[in-house]
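Structure first, commentary second.
Nothing here was measured: the structure is a model prediction, and the numbers come from that model. Indexing begins at 1, ligand by ligand and atom by atom, following the structure's order.
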Amino acid sequence: MVTVASILAIKGNAVLTIAPHRTMREAVEMLAERGVGALVVTGVDGAVLGILSERDAVRVLASEGARMLDSTVARIMTSRVKTCTPFDTADDVMEMMTAGRFRHVPVMEGGKLSGIVSIGDVVKHRLAAFESEHQAMREYIATA
Ligand code: AMP
């Protein structure tokens with residue numbers, strides 16, 4: 001079974017974070033430069049205050065135009081963040097993403113942010129699991 005812990009063991013625990021008082025200009029620069037789809041918004045104590053994805057940036061750009069770049073991240077982010085734990089499975093996270101229509105889930109361990117899983121990570125690991133099951137089945141059939 002593919003768990004969030006096994007995904008993080010390969011991709012690592014790094015999470016790109018941004019403070020809520022930062023500007024959207026800084027946020028979009030970070031999204032572009034680092035090639036990620038979302039930033040976790042954290043307070044000084046490291047608490048998760050929200051999540052800001054490229055979709056949020058596009059939405060406010062469409063409704064407010066380029067002046068949104070001077071807005072704070074706090075005004076644009078989603079504050080009710082759905083998180084998972086390392087013990088959740090890839091299927092649990094996929095269900096969460098499908099039900100909530102988002103593609104990023106921060107991982108919390110002992111109340112602390114300890115990683116992030118994207119839909120790309122989940123799909124990649126599930127495909128790898130399918131491949132190895134398929135291979136094992138083929139080997140079994142060949143020896144039966
Ligand atoms: P995404 O598909 O991740 O680009 O996000 C789509 C929308 O869902 C954006 O408004 C995000 O701020 C929001 N969002 C992304 N991840 C989460 C999450 N884990 N919990 C709640 N909202 C989220």
Which ligand 1 atoms does [X] reach within 4.0 Å, using its non-hydrogen atoms?
{"X": "Thr78", "result": "10 (O), 11 (C), 12 (O), 13 (C), 22 (N)"}
{"X": "Arg103", "result": "1 (P), 2 (O), 3 (O), 4 (O)"}
{"X": "Asp56", "result": "9 (C), 10 (O), 11 (C), 12 (O)"}
{"X": "Pro106", "result": "19 (N)"}

salt_bridge(Arg59, Asp56) N-O dist < 4.0 Å: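 Asp56 and Arg59: salt-bridged.
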Hey, does the side chain of [X] reach the backbone of [Y] with a donor-acceptor pair shorter than 3.5 angstrom?
{"X": "Ser6", "Y": "Val2", "result": "no"}
{"X": "His125", "Y": "Asp121", "result": "yes"}
{"X": "Asp88", "Y": "Val4", "result": "no"}
{"X": "Thr78", "Y": "Arg80", "result": "no"}

Could you check whether atom NZ of Lys11 has more than 12 heavy atoms from other residues, nucleotides or ligands sitting under 6.0 Å from it?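 It does: Lys11 NZ has more than 12 such atoms within range.
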Which residue and non-hydrogen atom of the protein lie closest to [atom], and at what distance in Å?
{"atom": "atom 5 (O) of ligand 1", "result": "Ser53 OG, 3.3 Å"}
{"atom": "atom 20 (N) of ligand 1", "result": "Lys82 N, 2.8 Å"}
{"atom": "atom 16 (N) of ligand 1", "result": "His104 O, 3.1 Å"}
{"atom": "atom 14 (N) of ligand 1", "result": "Phe102 CB, 3.6 Å"}

Looking only at distances, can you tell me whether any N or O atom of [X], backbone or side chain, sits closer than 3.5 Å to an N or O atom of ligand 1?
{"X": "Arg101", "answer": "no"}
{"X": "Glu54", "answer": "no"}
{"X": "Arg59", "answer": "no"}

Checking contacts here: is it the side chain or the backbone of Arg80 that comes within 4.0 Å of ligand 1, counting heavy atoms only? Could be both or neither.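 For Arg80, only backbone atoms sit under 4.0 Å from ligand 1.
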When you group the ILVMFWY residues by side-chain heavy-atom contacts below 4.5 Å and let the links chain together, are Leu69 and Met77 in the same group? yes
Are Met24 and Val36 in one and the same hydrophobic cluster, where Ile, Leu, Val, Met, Phe, Trp and Tyr link if side-chain heavy atoms are under 4.5 Å apart?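 Cluster IDs for Met24 and Val36 match.
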